[in-house]
2 protein chains.
Amino acid sequence: MASDEVKKVSLAVIRRLPKYHKCLGELLQKNVERVSSQELGRILGFTASQVRQDLNNFGEFGQQGYGYNVEQLYNEIAKILGLNTEHKMVIVGAGKLGQALAGYGDFERHGFKILALFDVNPNLIGSSIRGVPVHDMKDIIYFINENEVDIAVITVPRENAQEVADTLSQTLIKGIWNFAPVEVKAGPGVIVENVHLLDGLLTLSYRMNESRLTQKLKKIHEE
Amino acid sequence: MASDEVKKVSLAVIRRLPKYHKCLGELLQKNVERVSSQELGRILGFTASQVRQDLNNFGEFGQQGYGYNVEQLYNEIAKILGLNTEHKMVIVGAGKLGQALAGYGDFERHGFKILALFDVNPNLIGSSIRGVPVHDMKDIIYFINENEVDIAVITVPRENAQEVADTLSQTLIKGIWNFAPVEVKAGPGVIVENVHLLDGLLTLSYRMNESRLTQKLKKIHEE
DNA sequence: TAGATTGTTAATCGATTAACAATC
DNA sequence: TAGATTGTTAATCGATTAACAATC
């Protein structure tokens with residue numbers, strides 16, 4: 001049964017797809033018509049070889065002697081990323097972070113439409129943030145199922161994050177994007193992407209620390 | 001000159017360090033005294049072998065027949081991550097995201113002290129957000145140098161991000177944590193960590209799309 | 001001492017890079 | 001046609017896993 005063996009695409013490749021997508025979008029903006037794997041690699045800091053290997057995971061998008069058509073490749077990658085259909089999102093937690101994400105235009109621009117925020121705070125319920133209404137947390141299950149919401153963003157405090165994920169797992173939601181600093185689990189068929197903001201800061205701190213040490217070592221050596 | 005060859009630690013290892021740190025912190029909280037590489041790996045989803053390899057990049061922290069002392073290892077990793085000294089941060093951009101980060105307790109808890117927010121908006125300048133004052137962007141160079149600020153967080157709109165990074169490069173700042181959706185560059189000696197929020201969302205979208213396709217394929221096959 | 005578990009070397013696996021025939 | 005650049009196979013490189021002697 002070799003025919004339906006799904007060639008698993010590695011996470012490393014997947015995490016590069018948004019970079020290609022963004023870069024091609026910028027080229028498109030500049031009215032660039034075609035691009036070679038070499039040029040694309042140069043811009044992104046990848047080798048031409050890697051660019052070709054990456055893209056060939058998904059199909060043959062190029063043409064020998066020509067390269068890749070920017071618009072076509074942009075659209076192909078959008079399709080691979082699932083950006084050809086509009087996604088409907090809700091944000092759970094209407095605190096500062098929830099509000100920040102609700103106002104972040106980049107999401108809408110890529111077809112992620114934010115329908116509502118949800119919160120338990122009666123002072124927030126009924127208000128609206130940059131045109132996005134804040135609803136009562138009590139109504140979330142009904143709302144998600146009724147509006148065929150795809151993706152829920154969790155921006156509640158750590159203590160409540162798993163509980164929210166459990167509630168969401170009872171709905172028709174397909175993806176959870178979690179900003180609370182815990183690894184939340186969801187029901188089967190629900191894809192979870194955990195964001196670890198602190199990790200990025202600690203990595204920065206490590207690199208600052210390391211560069212300081214390296215400089216110190218250099219100095220010692222020069223003496 | 002083999003003696004000062006710095007064995008470069010791979011990025012993959014570095015990005016795991018915050019996970020070890022967090023996990024050990026939780027074990028410490030639970031008063032667990034010792035932990036084996038096997039147990040630590042089990043919790044984090046790594047192999048015991050990988051745990052030992054990772055840690056041995058930085059020293060010999062364990063003891064045969066015993067494992068690792070939780071508190072000691074926690075402190076060692078904190079030191080490696082540069083968490084033994086307090087870091088001073090400022091946030092550039094007092095919009096919703098800047099405000100959200102200013103109120104995020106996890107940073108302080110790990111020794112990252114937020115001294116101030118900076119903005120150009122006269123309505124915000126002079127106010128304070130959860131005890132953190134908002135200053136005029138004009139004063140940022142003086143403030144950073146005077147207060148020996150380590151790290152600057154950029155939460156301004158994309159258009160202004162590089163300009164802010166250029167300004168910061170004129171100061172004694174050591175690290176930049178950039179949330180604007182552009183890859184900012186900084187002067188020599190300044191470490192930059194770019195956060196790509198949208199990338200995470202696109203990766204989630206890809207995985208949702210992929211799982212949908214996989215299920216479709218399965219169905220076709222079953223028929 | 002005996003059992004456990006490390007640090008470390010060797011084997012395996014996977015991802016990146018190089019090379020080149022195919023072809024536009 | 002000649003030049004360019006792909007898709008793809010082979011070679012290399014690096015990271016993960018396995019194995020085991022050292023030792024607490």
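The sequence lines fix the lettering, A, B, ..., with proteins before strands; numbering per chain opens at 1.
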Donor/acceptor link under 3.5 angstrom from A:Q53 side chain onto base of C:dT17: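 Answer yes: a donor N or O sits under 3.5 Å from an acceptor.
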How would you list, by chain and number, every residue that makes a salt bridge (Lys or Arg N to Asp or Glu O under 4.0 Å) with [X], sequence neighbours excluded?
X     : answer
B:R52 : none
B:R42 : B:E39
B:K22 : none

May I have the list of side-chain donor-acceptor pairs in residues 102-110 of chain A shorter than 3.5 Å, sequence neighbours left out?
from	atom 1	to	atom 2	distance (Å)
A:D106	OD1	A:R109	NH1	2.5
A:E108	OE2	A:I114	N	3.4
A:H110	ND1	A:D106	O	2.8

Spacing between [X] atom [atom1] and [N] atom [atom2], to the nearest angstrom:
X     : N      : atom1 : atom2 : result
A:D54 : C:dA15 : CG    : P     : 11 Å
B:L55 : C:dG7  : CG    : C1'   : 11 Å
B:F58 : C:dT8  : CZ    : P     : 15 Å
A:N57 : C:dT16 : CG    : C1'   : 12 Å
A:L73 : D:dT6  : CG    : P     : 11 Å
B:Q50 : C:dG14 : CD    : P     : 14 Å
B:N56 : D:dA15 : CG    : P     : 16 Å
A:F61 : D:dG7  : CZ    : P     : 9 Å

Listed partners of A:L172 passing side-chain contact (heavy atoms from CB on, under 4.5 Å), at least two apart: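 Only A:N145 meet the side-chain contact (heavy atoms from CB on, under 4.5 Å) criterion with A:L172.
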Which residues share a side-chain contact (heavy atoms from CB on, under 4.5 Å) with B:Q38, sequence neighbours left out: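 Only B:S36, B:A48 meet the side-chain contact (heavy atoms from CB on, under 4.5 Å) criterion with B:Q38.
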Quick one: does any side-chain atom of [X] pair with a main-chain N or O of [Y] as donor and acceptor, under 3.5 Å?
X      : Y      : answer
A:N209 : B:I80  : yes
B:R207 : A:V192 : yes
A:T171 : A:T167 : no

Which donor-acceptor pairs under 3.5 Å do the side chains of residues 61-73 of chain A make with protein atoms, sequence neighbours left out?
from	atom 1	to	atom 2	distance (Å)
A:N69	OD1	A:E71	N	3.1
A:N69	OD1	A:Q72	N	2.9

Interface residues of residues 19-47 of chain A with DNA chain C (non-hydrogen, below 4.0 angstrom):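 Listed by number, they are A:T47.
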Sequence neighbours excluded, every pair satisfying side chain to side chain donor-acceptor pair (under 3.5 Å) that has a member inside residues 73-97 of chain B: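 Passing the test, one end in residues 73-97 of chain B: A:Q99-B:K96, A:S205-B:H87, B:H87-B:D150.
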Divergence of helical axes at both termini of the helix from C:dG3-D:dC24 to C:dC24-D:dG3 - five pairs an end, 10° steps: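 The angle separating the two end axes equals 10°.
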Distances for protein N/O vs nucleotides 19-22 of chain C N/O pairs under 3.5 angstrom?
from	atom 1	to	atom 2	distance (Å)
C:dA19	N6	A:R52	NH2	3.0

D:dC24 phosphate, OP1 or OP2, under 4.0 Å from B:Y68 side-chain N/O: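 For D:dC24, neither OP1 nor OP2 has a side-chain N or O of B:Y68 closer than 4.0 Å.
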Under 4.0 angstrom between A:R16 side-chain N/O and C:dA15 OP1 or OP2: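 Checking A:R16 against C:dA15: no side-chain N or O falls below 4.0 Å of OP1 or OP2.
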Would you tabulate the side-chain donor-acceptor contacts of residues 175-190 of chain B under 3.5 Å, counting partners in other chains and residues two or more places apart, or write 'none'?
from	atom 1	to	atom 2	distance (Å)
B:N178	OD1	B:A180	N	2.9
B:N178	ND2	B:A180	O	3.2
B:N178	ND2	B:V182	O	2.7
B:N178	ND2	B:N194	OD1	2.9
B:E183	OE1	B:H196	NE2	3.0

Most 5' of B:E60 and A:A12 on DNA chain C, judged by nearest nucleotide: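 In this pair, the answer is B:E60.
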